[in-house]
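Report on one structure; see the data block that follows.
Computed from heavy atoms alone, side chains included, the values below leave out hydrogens, waters and symmetry copies.
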Amino acid sequence: MKTAGVIGGGAWGTALALVCARAGLDTTLWAREPEVVSAVNETRENRTFLPGVVFDAPVRASGDLADLAGADFVLNVTPAQHLRSSLDAFRPYARAGVPMVLCSKGVEQGSLKLMTEVLEEGLPQASPAVLSGPSFAIDVAKGLPTAVTLACPDEELGFQLAAALSLPTFRPYLATDMIGAEIGGSVKNVLAIACGISEGKGLGRSAHAALITRGFAEMTRMAVALGAEAETVAGLCGLGDLVLTCSSPQSRNMSVGLALGGGQTLEQALAGKVSVAEGVASAPAVVALARKLNVEAPICEAVAAILAGEAQVDQAIAGLLSRPIRSER
Ligand SMILES: NC(=O)c1ccc[n+]([C@@H]2O[C@H](COP(=O)([O-])OP(=O)(O)OC[C@H]3O[C@@H](n4cnc5c(N)ncnc54)[C@H](O)[C@@H]3O)[C@@H](O)[C@H]2O)c1
Ligand SMILES: O=P(O)(O)OC[C@H](O)CO
């Protein structure tokens with residue numbers, strides 16, 4: 001693999017384009033915003049979404065998806081709710097069998113589909129893979145050590161992709177279970193909002209640990225109900241990302257929770273933000289999916305109710321604490 005295309009010039013798409021370029025791939029980054037395209041090409045920076053990082057490897061930015069037509073593989077890094085429209089736009093340029101690595105973390109609202117299902121509908125000729133795990137864009141862009149899950153049902157292709165993306169400071173671990181990887185990334189964003197709320201309310205470290213552990217049980221139940229393996233979500237793409245995102249106010253999702261727990265409204269918590277907190281959009285879809293699967297997900301339910309304005313923070317916390325005594329397993 002010699003050439004990479006990246007769809008989505010936000011923080012994560014930019015950081016992953018840098019990974020590709022550092023790995024020696026000829027890299028084209030498609031960005032929606034003309035100012036991002038010109039800033040990357042003229043100043044080697046994405047000042048809008050990843051300020052403060054001057055690129056140390058060559059990334060070419062473009063506003064034309066046709067420029068990705070010849071890429072050996074494509075990373076799709078749009079926000080989850082925009083994956084479908086990005087596939088529609090890329091369809092005229094997608095060659096049969098093109099490997100498409102899905103890097104967004106979320107569940108589509110309305111359809112309740114995972115990103116691989118959206119890809120299957122929108123670009124069935126693509127060969128799918130999922131990249132997910134504990135990875136803040138700024139850490140990766142700065143070259144700090146990071147490990148992620150790369151899940152691909154075609155093991156040979158998964159190995160080729162991991163080898164192409166691998167750097168001493170960026171280590172993909174292989175898996176074949178894309179559903180497990182997707183559920184890990186999608187559910188942890190909702191749980192990070194819960195942990196932020198707990199932190200913002202000053203509920204203490206014990207409550208924090210309980211939320212992570214019981215949240216992980218919700219994530220695992222959902223993954224298994226969808227046919228995934230529990231071991232997948234116990235890896236980097238599930239537990240690993242849950243620990244990272246629930247432990248750092250650097251997380252956009254946790255910071256939304258912190259603001260809500262501190263008494264702000266959702267509107268105030270999101271005001272002025274250019275970056276996406278995926279858990280906000282995915283929470284209702286995660287909850288609807290859990291209900292459809294007959295899976296209990298009380299923490300995700302509480303987060304979705306708070307975000308929808310259907311419950312006050314204190315009321316949701318009281319609801320979680322007054323649930324009937326039950327087995328931990
Ligand atoms: N930032 C991270 O550290 C990180 C790490 C791992 C995974 N992710 C995931 O990557 C995905 C992208 O996140 P990000 O951090 O790069 O985004 P971002 O918050 O940095 O930027 C927002 C992105 O949304 C796009 N956008 C806004 N409105 C749009 C619209 N109407 N149609 C299409 N695109 C629109 C912008 O072009 C931009 O690419 C998310 O699913 C996120 O969960 C992010
Ligand atoms: O800032 P967040 O909450 O979107 O988290 C970013 C990454 O998903 C962490 O792995």
Side-chain angles (χ1 to χ4, degrees), residues 8 10-12 77-83 102-115 118 130 132-137 181-201 208 211-212 214-220 222-223 233 237-262 264-271 273-291 295 297-311 313 316-317 320:
W12 190 221
V77 205
T78 51
Q81 306 307 325
H82 300 302
L83 172 66
L102 301 165
C103 308
S104 325
K105 297 175 178 171
V107 176
E108 190 178 54
Q109 287 184 349
S111 74
L112 313 185
K113 300 230 156 120
L114 304 182
M115 299 297 99
V118 176
V130 171
S132 196
S135 48
F136 284 134
E182 294 185 272
I183 285 293
S186 305
V187 176
K188 70 86 190 174
N189 280 336
V190 182
L191 297 170
I193 297 175
C195 285
I197 292 172
S198 170
E199 191 93 359
K201 285 295 288 182
H208 186 83
L211 276 174
I212 289 182
R214 295 310 303 160
F216 179 61
E218 293 184 18
M219 176 193 286
T220 307
M222 277 189 77
V233 288
C237 57
L239 184 58
D241 212 353
L242 186 61
V243 169
L244 175 76
T245 318
C246 290
S247 307
S248 172
Q250 199 178 326
S251 152
R252 287 91 49 99
N253 289 289
M254 186 173 179
S255 71
V256 166
L258 276 165
L260 294 171
Q264 291 185 27
T265 62
L266 180 60
E267 199 181 7
Q268 289 167 333
L270 297 177
K273 299 252 185 337
V274 289
S275 58
V276 65
E278 287 283 39
V280 174
S282 282
V286 164
V287 163
L289 185 57
R291 288 182 188 166
V295 163
I299 301 171
C300 291
E301 292 263 4
V303 171
I306 291 168
L307 294 174
E310 290 161 3
V313 167
I317 293 168
L320 284 174

So, taking the atom named CG in Asn253 and the one named SG in Cys246, what distance separates them when rounded to the nearest 0.5 Å? 9.0 Å
For Ile306 and Ala316 the tightest heavy-atom approach is CD1-CB, 3.6 Å
Thr78 side chain reached by Ser104 side chain, heavy atoms, under 4.5 Å: yes
Could you check whether any side-chain heavy atom of Leu191 comes within less than 4.5 Å of a side-chain heavy atom of Leu211, counting everything from C-beta outward? no
Nearest heavy-atom approach of Ala290 to Ala297 is CB-CB, 4.0 Å
Please indicate whether Glu267 has more than 12 foreign heavy atoms, meaning atoms of other residues, nucleotides or ligands, lying under 6.0 Å from its CD. no
Evaluate the criterion side-chain contact (heavy atoms from CB on, under 4.5 Å) for residue pair Leu266 and Val256; output intermediate values, then yes/no. CA-CA 8 Å; Leu266 180 60; Val256 166; 4.1 Å; yes
Between Lys105 and Ser132, does a side-chain contact (heavy atoms from CB on, under 4.5 Å) hold up when you go through it step by step? CA-CA 8 Å; Lys105 297 175 178 171; Ser132 196; 3.4 Å; yes
Passes side-chain contact (heavy atoms from CB on, under 4.5 Å), Ile193 versus Leu307? Steps please. CA-CA 10 Å; Ile193 297 175; Leu307 294 174; 4.2 Å; yes
Heavy-atom pair with the smallest gap, counting every atom of Leu242 and Ile212: CD2-O, 3.6 Å
Smallest heavy-atom separation, Cys237 atom then Ala181 atom, equals SG-CA, 3.6 Å
Between Ser247 and Val243 (side chain of the first, backbone of the second, donor and acceptor by atom type, cut-off under 3.5 Å), is there such a pair? yes
Interatomic distance, Ile317 atom CD1 to Ser198 atom OG [nearest 0.5 angstrom]: 7.0 Å
Between Arg252 and Val276, does the side-chain contact (heavy atoms from CB on, under 4.5 Å) criterion hold? Intermediate values first, please. CA-CA 7 Å; Arg252 287 91 49 99; Val276 65; 4.2 Å; yes
Provide the closest heavy-atom pair for Glu218 versus Ile299 in the form atom of the first, atom of the second, distance. OE2-N, 2.6 Å
Can you find a pair of side-chain heavy atoms, one from Met222 and one from Val286, that are under 4.5 Å apart? yes
Mind checking what makes side chain to side chain contact (heavy atoms under 4.5 Å, CB included) contact with Ala137, not counting sequence neighbours? Ala11, Trp12, Ala15, Leu50
Tell me, do Met115 and Val130 make a side-chain contact under 4.5 Å, heavy atoms counted? no
Of all residues at least two apart in sequence or in a different chain, which pass the side chain to side chain contact (heavy atoms under 4.5 Å, CB included) check with Gln81? Glu108, Gln109, Ala281, Ser282
Taking atom types as modelled, find out whether Lys188 and Thr245 have a side-chain donor-acceptor pair closer than 3.5 angstrom. yes
Of all heavy-atom pairs linking Cys300 and Val287, the shortest is O-CG2, 3.4 Å
Working to the nearest 0.5 Å, report the span between CG of Asn189 and CG of Asp241. 7.0 Å
Rounded to the nearest 0.5 Å, the CD atom of Glu182 sits from the CG atom of Leu102 at a distance of 6.5 Å
Are any of the side-chain heavy atoms of Glu278 and Pro79 separated by less than 4.5 Å? yes
From Cys195 SG over to Met254 CE, what is the distance, rounded to the nearest 0.5 angstrom? 6.5 Å
Quick check for you: to the nearest 0.5 Å, what is the distance between Leu239 atom CG and Met219 atom CE? 7.5 Å
